[in-house]
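Only this structure's heavy atoms are used, side chains among them; waters, hydrogens and symmetry mates stay out. Ligands are counted one by one from 1 in listed order, and the atoms in each one are counted from 1 as well.
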Amino acid sequence: MKTIVLRNLSKFSYAMKESLRTLRTNIQFCGDDVKVIMFTSSVPNEGKSTVTVNLARSLSESGKSVLVIDTDMRKSVLMGRLKAKANEDKQVSGLSHYLSGQKGLPEIVYLTQMPKFCMVFAGPTVPNPTEILDKKYFEDLIAFGRKNFDYVLIDCAPIGAAIDAAVVAKHCDGAVLVMAQGSSDRRMVLDAKKQLEVAGIKILGAVLNKVRAEKGYYGRYYGSHYGKYYGKYYGNQYGEQ
Ligand SMILES: Nc1ncnc2c1ncn2[C@@H]1O[C@H](COP(=O)(O)OP(=O)(O)OP(=O)(O)O)[C@@H](O)[C@H]1O
Ligand SMILES: [Mg+2]
């Protein structure tokens with residue numbers, strides 16, 4: 001398998017670590033029939049990519065094998081943000097190469113420096129992401145993920161912005177809705193929930209991200225990257241509303 005080094009992984013604060021552990025535990029208690037999980041949100045920028053990658057790190061640390069697939073082929077930022085550098089390739093091959101028939105499966109799955117943590121990056125932006133996601137190639141990738149990993153985490157576009165997430169939903173066992181505090185209002189969140197229900201996917205729960213920690217309480221962790229924010233995971237509360 002090809003290898004890649006993610007040179008820019010943020011350090012977790014204590015609060016973030018705890019939140020991720022809670023999220024990880026909640027996901028694990030969803031049962032062993034929940035393996036392929038998509039992460040979406042109602043509006044952009046709520047933290048889907050951050051939560052997906054960091055949960056994958058947390059799962060990998062706990063000994064699970066995990067494949068992250070970045071399906072946001074409209075605006076992929078993960079490769080740049082993680083400063084990914086492939087060991088064998090000059091140019092990293094991604095999902096859009098594979099879905100358009102230019103590359104095969106073994107060429108797009110990269111093993112990172114973390115144990116059992118593999119990544120498929122989005123690849124170059126394409127004009128027709130929804131169309132190519134709907135092809136058999138994507139189905140084959142998910143089948144590969146199911147067979148070879150404990151978890152497949154799929155980073156999606158916001159469900160309110162494009163129907164890509166609804167197409168991806170067909171292949172998943174559950175969805176997690178990421179909400180940033182103060183970013184989407186109640187109506188937007190309920191709309192996103194409705195769209196996921198229409199897509200026929202089980203909503204596993206919601207992550208309330210970018211929560212401002214109360215001053216003093218997490219004071220000593222303010223110095224790190226996630227200092228002033230931490231994610232919270234609310235079991236199935238959201239799904240049951
Ligand atoms: N818990 C957090 N604390 C602090 N900053 C965060 C947190 N989560 C995300 N961010 C920051 O918010 C920005 C948006 O995050 P991210 O790219 O993960 O969101 P996204 O939902 O994937 O966005 P998009 O809709 O563009 O794909 C990034 O700059 C990221 O570093
Ligand atoms: Mg993203």
Determine whether a donor-acceptor pair (N or O, by modelled atom type, separation under 3.5 Å) exists between the side chain of Ser41 and the backbone of Glu46. no

Using modelled atom types and a 3.5 Å cut-off, is there a donor and acceptor pairing between side-chain atoms of Tyr137 and backbone atoms of Tyr98? no

I need the atoms of ligand 1 closer than 4.0 Å to a non-hydrogen atom of Pro44, numbered in the order shown. 25 (O)

Out of Lys48, Arg81, Glu46, whose heavy atom sits nearest atom 17 (O) of ligand 1? Arg81

Take Lys48 and Asp72 through the salt bridge (Lys or Arg N to Asp or Glu O under 4.0 Å) test and state the conclusion after the steps. CA-CA 11 Å; Lys48 300 173 290 297; Asp72 196 350; 6.0 Å; no

Of all the atoms in Ser49, is at least one N, O or S atom closer to the Mg ion (ligand 2) than 2.8 Å? yes

Contact region, Thr50 to ligand 1, non-hydrogen atoms below 4.0 Å, reads both

Can you find an N or O of Ser41 that's nearer than 3.5 Å to an N or O of ligand 1? no

Cationic N near anionic O, under 4.0 Å, Glu139 to Lys136: no

N/O to N/O below 3.5 Å, does that happen between Asn209 and ligand 1? yes

Without hydrogens or angle criteria, can the side chains of Ser10 and Arg81 be said to hold a donor-acceptor pair below 3.5 Å? no

Is a side-chain donor or acceptor of Ser96 paired with a backbone partner of Pro124 at a separation under 3.5 angstrom? yes

Taking heavy atoms and a distance under 4.0 Å, where does Asp72 meet ligand 1: side chain, backbone, both or neither? side chain

Under 3.5 Å: N/O of Gly47 near N/O of ligand 1: yes

Go through ligand 1 atom by atom and flag the ones less than 4.0 Å from a non-hydrogen atom of Lys75. 24 (P), 26 (O)

Please step through salt bridge (Lys or Arg N to Asp or Glu O under 4.0 Å) for the pair Glu197 and Lys194, ending with a clear verdict. CA-CA 5 Å; Glu197 282 165 358; Lys194 205 170 184 180; over 6 Å; no

